[in-house]
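Presented below is the structure to which this report refers.
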Amino acid sequence: MQEFINKLPKLAKDKHKENKTFFTKLKMKPPKKLDYIMQELHEEEFDRTDCLECANCCKTTGPLFTNKDVERIAKYFKMKPQQFIDTYLRIDEDNDYVLQSVPCTFLGADNYCSIYDVRPKACAEFPHTDRKKFQQISNLTMKNVAICPAAYNIVEAMKKRINL
């Protein structure tokens with residue numbers, strides 16, 4: 001798995017133009033059953049993929065934290081929301097709360113998340129390949145293909161399955 005993760009940025013870069021063309025066409029004319037197809041591809045991939053073997057998303061990127069995330073996680077730590085923000089987060093260039101640094105503070109050496117049950121919504125939904133109206137998040141998916149082996153595999157399977 002680690003070998004594939006190491007190759008992922010180059011693989012994604014090599015496929016970037018092809019993926020961009022595919023997603024442009026997908027946005028213009030999404031298939032009627034796109035959400036159903038994406039759900040199926042997502043489930044098939046995650047039947048094969050164990051995120052605990054990878055955790056590359058947690059090691060290389062940080063999620064956005066919504067106000068609800070902050071409140072929920074702060075409560076879990078028995079902290080006030082502002083105390084949680086001051087301890088763990090910063091505001092990025094888009095004015096969003098993000099982690100002060102990566103890898104994620106809450107990621108253990110065993111790739112387990114210490115706040116898994118209360119993790120941010122962005123973490124729970126990553127890599128977003130089963131999201132409704134999938135064609136609307138193509139830019140995010142293009143980024144995730146370089147981070148997440150499952151996202152890469154799902155996009156490759158998608159291109160074979162959907163003729164545009």
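Note: hydrogens, waters and symmetry copies are ignored here, and every other heavy atom, side chains too, is used.
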Keeping to residues at least two apart or across chains, list the ring pair (Phe, Tyr, Trp, His ring centres under 6.0 Å) pairs with something in residues 42-63.
His42-Phe46
Answer yes if the side chains of Asn6 and Gln2 hold a donor-acceptor pair under 3.5 Å, and no otherwise.
yes
Are the side chains of Leu11 and Val145 in contact, using a 4.5 Å heavy-atom criterion?
no
Any carboxylate oxygen within less than 4.0 angstrom of a Lys/Arg side-chain nitrogen, looking at Lys159 and Glu156?
yes
Using a distance-only test with no angle check, is there a side-chain donor-acceptor pair under 3.5 angstrom linking Asp69 and Thr66?
yes
Heavy-atom closest pair, residues Pro120 and Arg72
CA-NH2, 3.7 Å
Between Tyr88 and Phe106, is the gap from one ring center to the other below 6.0 Å?
yes
State whether Phe134 and Arg131 meet the cation-pi test: NZ (Lys) or CZ (Arg) under 6.0 Å from the six-membered ring centroid, and within 45° of the perpendicular axis.
no
Are more than 12 heavy atoms from other residues, nucleotides or ligands located less than 6.0 Å from atom CZ of Phe77?
yes
Residues Glu125 and Lys121 bridged, charged N to O under 4.0 Å:
yes
For the residue pair Gln39 / Asp35, report whether a side-chain donor-acceptor contact shorter than 3.5 Å exists.
no
In short, Ala124 meets Arg119 closest at the heavy-atom pair CA-NE, 3.4 Å
If two hydrophobic side chains count as joined below 4.5 Å and joins carry through other members, does Val118 share a cluster with Tyr112?
no
